[in-house]
Amino acid sequence: MADLDQVKKEKDFFTNIPMETPGFFLRGAGSFDWGMKNRLARIFSPSSGRTVMLAIDHGYFQGPTSGLERIDLTIVPLVPQADALMLTRGILRSTIPPSANKAIVIRASGGPSILKELSNEEIAVDIEDAIRMNVSAMAVQVYVGSEFETKTIRNMTKLVDAGLRYGMPVLAVTAVGKEMVRDAKYFRLACRICAELGAQFVKTYYVAEDFDTVTASCPVPIVMAGGKKLPELDALTMAYKAVQEGAAGVDMGRNIFQSDAPSAMMTAVTKVVHENMEPKHALELYKELKNKKR
Ligand code: R5P
């Protein structure tokens with residue numbers, strides 16, 4: 001029976017303090033539901049507003065690429081350092097410990113291998129399975145200007161519709177076809193189309209000229225894709241410039257796991273992204289940590 005006698009009397013109503021209704025820290029996300037915001041807040045740090053995602057999903061079209069031959073040995077030790085992991089459900093279930101407690105961005109499109117036309121993708125994960133895996137977002141490739149442009153945009157909008165039903169954000173990845181010029185004009189077009197059609201955040205490449213116009217004209221957060229392996233200073237400089245020019249973080253793969261010292265590189269990138277550390281200092285830190293490991 002419930003205790004009805006000697007119940008402590010309520011008194012702490014703080015009637016002189018109005019309840020605050022804070023906004024949400026991420027660009028364009030103010031009108032989303034609680035679950036969607038909560039998932040986004042697992043990916044993006046509420047204190048810096050940025051994220052360091054580790055992309056290891058390359059195998060979905062490339063097979064066991066350099067640095068990802070043995071994810072259990074080379075990547076699992078890096079997991080604690082990332083804010084979020086971007087990967088396929090096959091690697092998640094087979095190789096990543098469920099105790100990792102990291103935000104997961106699941107690769108949700110696929111189909112063609114590197115031997116075929118890459119833009120000919122289909123949706124590759126059901127929303128129910130994404131929820132079963134407790135992921136924080138679904139990632140889909142969008143090939144603006146490529147042969148199967150409309151199909152990939154349709155893949156994205158189907159995932160956005162499913163995601164809105166369950167509070168699951170969608171990350172649109174702007175994939176550049178061979179014939180496309182990688183410049184600000186192209187990325188403004190691609191990123192804006194993804195945001196207009198409902199993606200909650202967008203991944204795109206950094207361009208040296210006018211990247212700030214790409215971030216300014218996209219009403220949702222942009223995370224910078226790493227691209228091919230560069231010397232460490234160049235990769236850190238690219239990440240630095242991207243966040244200074246409006247990106248809400250990075251989603252890097254090869255520039256981390258193909259580095260001579262992936263853990264040191266993760267630390268250096270994290271300092272650049274979350275603490276605005278300048279590239280030359282981040283490089284010094286990288287070298288110091290790399291030498292310590294030896
Ligand atoms: C490619 O389309 C995948 O989304 C990759 O995960 C991503 O672009 C790779 O990261 P990175 O280019 O930094 O190796």
- Task: Determine which pairs satisfy ring-ring contact (aromatic ring centres under 6.0 Å, His included) with at least one residue from residues 204-240, sequence neighbours left out, and list them in order.
- Result: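 As it turns out, the ring-ring contact (aromatic ring centres under 6.0 Å, His included) pairs with a partner in residues 204-240, which skip direct neighbours, are Y206-F211.
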Query raised in the report: Can you pull the ring-ring contact (aromatic ring centres under 6.0 Å, His included) pairs that have at least one residue in residues 134-186, sequence neighbours excluded?
Result: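 ring-ring contact (aromatic ring centres under 6.0 Å, His included) check on residues 134-186 returns no pairs.
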Practice problem: Keeping to residues at least two apart or across chains, list the side-chain hydrogen bond (donor to acceptor under 3.5 Å, both in side chains) pairs with something in residues 12-22. | Solution: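 Listed once each, the pairs would be none.
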- Could you list all the side-chain hydrogen bond (donor to acceptor under 3.5 Å, both in side chains) pairs where at least one residue sits in residues 23-33, not counting sequence neighbours?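 Of all non-adjacent pairs touching residues 23-33, none passes side-chain hydrogen bond (donor to acceptor under 3.5 Å, both in side chains).
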Considering only heavy atoms from C-beta outward, does the side chain of [X] approach that of [Y] to under 4.5 Å?
| X | Y | result |
| --- | --- | --- |
| L189 | V144 | yes |
| K102 | R42 | no |
| K228 | N255 | no |

| Residues which pass side chain to side chain donor-acceptor pair (under 3.5 Å) with D57, listed by chain and number, not counting sequence neighbours |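 Result, side chain to side chain donor-acceptor pair (under 3.5 Å) vs D57: R107.
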Notebook entry, point to check: What pairs with T270 under side chain to side chain donor-acceptor pair (under 3.5 Å), at least two apart in sequence or on another chain?
Noted result: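 Once residues adjacent in sequence are excluded, T270 has no partner under the side chain to side chain donor-acceptor pair (under 3.5 Å) criterion.
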Hey, can you pull the donor-acceptor pairs under 3.5 Å for the side chains in residues 79-87, sequence neighbours left out?
{"from": "Q81", "atom 1": "OE1", "to": "S263", "atom 2": "OG", "distance (Å)": "2.9"}
{"from": "Q81", "atom 1": "NE2", "to": "S263", "atom 2": "O", "distance (Å)": "3.0"}
{"from": "Q81", "atom 1": "NE2", "to": "T267", "atom 2": "OG1", "distance (Å)": "3.0"}
{"from": "D83", "atom 1": "OD2", "to": "V52", "atom 2": "N", "distance (Å)": "2.7"}
{"from": "D83", "atom 1": "OD2", "to": "H274", "atom 2": "NE2", "distance (Å)": "2.7"}

Answer yes or no: is there an ion pair linking [X] with [Y], defined by an N-O contact shorter than 4.0 Å?
| X | Y | answer |
| --- | --- | --- |
| K241 | E245 | no |
| D129 | R93 | yes |
| R70 | D72 | yes |

Consider only side-chain N and O atoms of S45 and R50, and report whether a donor and an acceptor are under 3.5 Å apart.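 Per modelled atom types, S45 and R50 side chains form no pair under 3.5 Å.
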- Judged by atom type as modelled, is there a donor-acceptor pair below 3.5 Å linking the side chain of E196 to the main-chain atoms of R192?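 Checked: no pair found.
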Test of understanding: with ring-ring contact (aromatic ring centres under 6.0 Å, His included), list the residues that count as partners of Y286, not counting sequence neighbours.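 For Y286 there are no ring-ring contact (aromatic ring centres under 6.0 Å, His included) partners, ignoring immediate neighbours.
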- prompt: What pairs meet the salt bridge (Lys or Arg N to Asp or Glu O under 4.0 Å) rule with one or both residues in residues 151-175, with sequence neighbours excluded?
  reply: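 For residues 151-175, and leaving out neighbouring residues, the salt bridge (Lys or Arg N to Asp or Glu O under 4.0 Å) pairs sorted by first residue read E122-K151.
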**Report entry** Residue pairs involving residues 199-226 (criterion salt bridge (Lys or Arg N to Asp or Glu O under 4.0 Å); sequence neighbours excluded)
**Finding:**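 Sorted result for residues 199-226: K203-D251.
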Contacts of type side-chain contact (heavy atoms from CB on, under 4.5 Å), residue P64, not counting sequence neighbours: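 Partners of P64 under the side-chain contact (heavy atoms from CB on, under 4.5 Å) test: none.
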Any residue meeting side-chain contact (heavy atoms from CB on, under 4.5 Å) with K280, in chain and number order, not counting sequence neighbours
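E278.
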Would you please indicate yes or no on a ring centroid separation below 6.0 angstrom for F25 and F44?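 Not close enough - the centres of the two rings lie 6.0 Å or further apart.
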query: Can the positive tip of K37 be found less than 6.0 Å from the middle of the six-membered ring of F32, inside 45° of the ring normal?
result: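 Output no; distance or angle outside limits.
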